[in-house]
Number of protein chains: 2
Amino acid sequence: MAASTLTEVARLAGVSPATASRVLNGSARKPGKDIADRVRQAADSLGYIPNAQAQGLAKSSSGLIGLIVHDIADPYFAAIARGVQEAAREQRKMVLLATTGGAPAEEKEAVAAFAARRADSIVIAGSRSSRTEDQEDNAELAAELDRYCRNGGRVAVVGHPVVGASAQDGYHVVAVPNQELAGALAAKLAAHWGGDFVIIGGPEGLLTSDDRIHGFQEGLAKAGRAPAEILRSSFNRAGGYEAGLKLAARIKGGSTGTGEPAGPKMCIFAVNDVMAIGAAAALRAEGLRIPRDAAIAGFDDIETLRDFRPALSTVSLPLEEIGRLATRATAPLAGDGDSAPQPITGEVTLRRSTEAA
Amino acid sequence: MAASTLTEVARLAGVSPATASRVLNGSARKPGKDIADRVRQAADSLGYIPNAQAQGLAKSSSGLIGLIVHDIADPYFAAIARGVQEAAREQRKMVLLATTGGAPAEEKEAVAAFAARRADSIVIAGSRSSRTEDQEDNAELAAELDRYCRNGGRVAVVGHPVVGASAQDGYHVVAVPNQELAGALAAKLAAHWGGDFVIIGGPEGLLTSDDRIHGFQEGLAKAGRAPAEILRSSFNRAGGYEAGLKLAARIKGGSTGTGEPAGPKMCIFAVNDVMAIGAAAALRAEGLRIPRDAAIAGFDDIETLRDFRPALSTVSLPLEEIGRLATRATAPLAGDGDSAPQPITGEVTLRRSTEAA
DNA sequence: TCGTATTGGGAAAGCGCATTCCCACTTCTT
DNA sequence: AAGAAGTGGGAATGCGCTTTCCCAATACGA
């Protein structure tokens with residue numbers, strides 16, 4: 001038994017497919033009440049479910065929102081995804097998910113796939129890369145997005161515009177003030193932390209990471225502090241752990257042999273919470289304690305990580321809201337309010353992990 | 001400028017649409033090399049992207065996999081989603097996401113929506129409910145799934161079969177041995193824990209929760225221990241916290257006033273990690289320490305929570321693998337190996353949180 | 001009363017593609 | 001060398017739906 005079609009419903013109800021279509025799937029013209037009832041009854045006696053593909057083909061709009069993330073299991077993206085999902089529901093659309101690991105080439109594929117499915121809009125989350133090795137892929141991604149936009153697609157990207165994408169109609173950027181916030185964090189930290197600062201960053205060229213590093217250094221400078229040393233590693237827990245190990249060795253190297261590290265305590269800023277947690281784990285594994293032996297701060301304020309002890313100082317970002325806003329920005333009706341910059345604000349949240357002993 | 005169509009490509013290449021279709025979108029018949037090249041060239045000079053909707057309509061299959069979860073931001077589901085996503089990629093399909101908060105009525109909606117989009121298969125993660133209030137919705141969900149299956153859809157459900165769904169062709173269940181594992185956890189815990197056990201469970205009728213509770217009690221019984229008291233609350237962190245507060249009061253109630261709780265220490269089993277973390281946070285907020293004042297164990301071994309201190313004893317579940325297997329089970333080719341039960345195995349993982357002082 | 005709007009339903013033409021059938025042509029077979 | 005088998009391309013149909021256009025029937029004003 002194949003799914004029943006509109007035509008079958010129409011036949012059962014004794015009307016034309018056109019009429020059936022009009023009553024079942026919202027149309028401007030509303031057929032008479034009696035006829036409508038007959039059709040509706042026929043429809044659910046047959047268990048009719050409209051074929052969205054056919055509908056999409058006919059009115060060239062699919063009711064789909066494409067979401068591109070690096071990794072859906074990363075709580076950062078998961079939180080954004082929840083927001084997107086919520087907004088999608090408001091718009092009565094479904095979300096199509098693509099995970100790319102952050103590679104521009106994959107992102108381009110995803111955009112093409114979304115375009116193929118005639119997704120009404122695309123939301124791209126996740127850091128952009130400005131590495132030279134990604135340059136070509138970025139260009140292709142930009143081209144793909146361009147074409148998608150020109151064909152009436154709407155796209156919103158979280159954080160930075162795609163490198164090389166021309167600002168276009170239907171192209172929105174939800175700007176996240178990474179730099180400012182990192183600066184604010186540095187300022188607050190500098191206010192009651194006398195020691196050196198070290199930054200654990202992602203690979204060079206990861207815009208989000210670079211912005212946060214940059215902002216942090218700026219904040220330090222404004223506070224009259226020397227710039228922090230920068231350790232680069234991968235943008236995830238493993239990267240944080242690895243960097244943490246290095247720092248632990250250094251901290252212990254200055255030890256006086258009493259088991260107590262010597263020298264001024266170090267304050268570590270990891271460019272995201274997950275890395276910070278990794279670094280903290282490494283320190284702990286090396287027998288160091290936080291904040292006794294070193295302070296540590298992250299960025300994002302991931303919900304799942306809030307129960308971590310010592311509580312992590314970080315910058316709270318309204319991730320879910322970001323997802324929601326990005327999605328709403330792509331809603332057709334949002335267009336008239338035009339590209340009013342929806343301002344995302346975060347908040348420096350100091351907790352136990354950076355308390356001076 | 002609208003997206004270019006196959007016909008336009010064909011015209012540019014000077015061939016018929018049929019030929020163009022054959023060369024561009026895999027067909028059994030391969031046109032001559034020279035013609036193929038011409039077509040391909042025309043295609044990418046026009047930036048042709050096949051319209052997946054039209055393709056789907058024509059061959060009635062969409063290349064879509066529907067995934068139903070309670071909440072994508074819950075790390076449990078996020079992990080499963082990652083597995084699904086991976087498997088989908090293997091099958092060169094995209095995943096369509098629906099979040100339902102666990103309500104059977106919403107799940108039914110989601111299935112209908114997936115059916116409308118002609119998703120090739122549906123993966124349902126998340127606990128089933130057997131509550132009487134959900135009975136009706138469950139029946140409707142089952143009916144919807146039934147219909148979907150009869151129309152050639154394939155579905156896999158993680159954990160328990162949907163209540164009332166008839167075992168059918170194309171209907172797979174990825175069974176998770178919650179009960180056995182909970183029993184094994186109880187056994188191990190009982191082996192070196194003399195005090196009382198308390199279970200923090202989800203609402204009654206949540207099958208996953210009930211199974212874990214049941215299995216735990218069984219394990220206790222086999223070890224010759226009295227059954228544990230059961231506290232019910234919601235299946236998330238907040239629920240765990242709430243229950244933890246109650247338990248904290250109880251623990252402190254027995255206090256001798258020295259700040260040290262008196263009486264035999266209590267071992268808490270929360271039916272999932274997130275609840276366990278919530279409970280632990282509550283105890284800590286009340287000034288209690290783990291495992292000094294109480295032991296606590298969870299279930300799932302959520303990756304993000306592994307850095308939590310004291311390290312949480314739990315049952316490791318291969319969440320990602322579960323998602324992968326569920327998705328693969330719905331792959332057409334997986335059908336010939338028939339419904340060979342893919343056995344999921346977990347592992348009791350004892351860590352610091354249940355160490356006797 | 002006739003003629004003009006207006007309403008309400010049906011017929012038909014796509015939407016963009018896959019695919020079946022058909023036809024012209026080449027390559028073996030005996 | 002003539003017919004059979006095979007090859008490679010095009011015409012046409014249909015997937016299930018929306019929508020424009022058309023037509024009959026009713027409503028209205030003069």
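Below, chains carry the letters A, B, ... as their sequence lines are ordered, and counting in each starts from 1.
N25(A) has a side-chain polar atom (N or O) that falls below the 4.0 Å cut-off from OP1 or OP2 of dT18(D). For the OP1/OP2 pair of dG16(C) and a distance below 4.0 Å, the side-chain nitrogens and oxygens of T7(B) include no atom meeting the criterion. For the OP1/OP2 pair of dC15(D) and a distance below 4.0 Å, the side-chain nitrogens and oxygens of N51(A) include no atom meeting the criterion.
For the pair L24(A) CG and dT18(D) C1', the interatomic distance rounds to 13 Å; values are reported in whole Å. Remark: P of dG16(D) and NZ of K59(B) are 16 Å apart, rounded to the nearest angstrom. If you take CG of L6(B) and P of dG14(D), they are 20 Å apart, rounded to a whole angstrom. Summarising the geometry, the separation between CD on Q55(A) and P on dC17(D) is reported as 7 Å, rounded to the nearest angstrom. With rounding to whole Å, R118(B) atom CZ is found 8 Å from dG16(D) atom P. Distance R117(B) CZ to dC17(D) C1': 14 Å, rounded to the nearest Å.
D74(B) meets the side chain to side chain contact (heavy atoms under 4.5 Å, CB included) test with D71(B), Y76(B), F77(B); sequence neighbours excluded. The side chain to side chain contact (heavy atoms under 4.5 Å, CB included) check on E140(B) picks up K108(B), E136(B), with sequence neighbours excluded. Under the rule for a side chain to side chain contact (heavy atoms under 4.5 Å, CB included), the partners of A81(A) that lie at least two apart in sequence or sit in another chain are L67(A), I72(A), I72(B). Evaluation of the side-chain hydrogen bond (donor to acceptor under 3.5 Å, both in side chains) rule for Q135(A) yields no partner, not counting sequence neighbours. With sequence neighbours left out, the side-chain hydrogen bond (donor to acceptor under 3.5 Å, both in side chains) criterion links H160(A) to D211(A). Looking at residues two or more places apart in sequence or on another chain, you find a side-chain hydrogen bond (donor to acceptor under 3.5 Å, both in side chains) between D120(A) and K93(A). Every side chain to side chain contact (heavy atoms under 4.5 Å, CB included) that E106(B) has, sequence neighbours left out, goes to R89(A), T100(B), A103(B).
The list of side-chain hydrogen bond (donor to acceptor under 3.5 Å, both in side chains) pairs with a residue in residues 9-25 of chain B, not counting sequence neighbours, reads S16(B)-T19(B), N25(B)-Q55(B). Residue pairs that meet the side-chain hydrogen bond (donor to acceptor under 3.5 Å, both in side chains) test with at least one member in residues 37-51 of chain A, sequence neighbours left out, are K33(A)-D37(A).
A distance of 5.5 Å separates CG in L207(A) from OG in S127(A), rounded to the nearest 0.5 Å.
In the helix from dA5(C)-dT26(D) to dT30(C)-dA1(D), the end axes, each obtained as the rotation axis mapping the C1' atoms of four pairs onto the next four within a five-pair block, lie 50° apart to the nearest 10 degrees.
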Give me the distances for all protein-to-nucleotides 10-13 of chain C N/O pairs that come in under 3.5 Å?
| from | atom 1 | to | atom 2 | distance (Å) |
| --- | --- | --- | --- | --- |
| dG10(C) | OP1 | S16(A) | N | 3.4 |
| dG10(C) | OP2 | S16(A) | N | 3.1 |
| dG10(C) | OP2 | S16(A) | OG | 3.0 |
| dG10(C) | OP2 | T19(A) | OG1 | 2.4 |
| dG10(C) | N7 | R22(A) | NH2 | 2.9 |
| dG10(C) | O6 | R22(A) | NH2 | 3.2 |

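Of the residues in residues 36-44 of chain B, not one comes within less than 4.0 Å of DNA chain C through any heavy atom.
With R154(A) contributing its side chain and G152(A) its backbone, the two residues share no donor-acceptor pair below 3.5 Å.
Using a 4.0 Å heavy-atom distance criterion, S60(A) is classed as making no nucleic acid contact.
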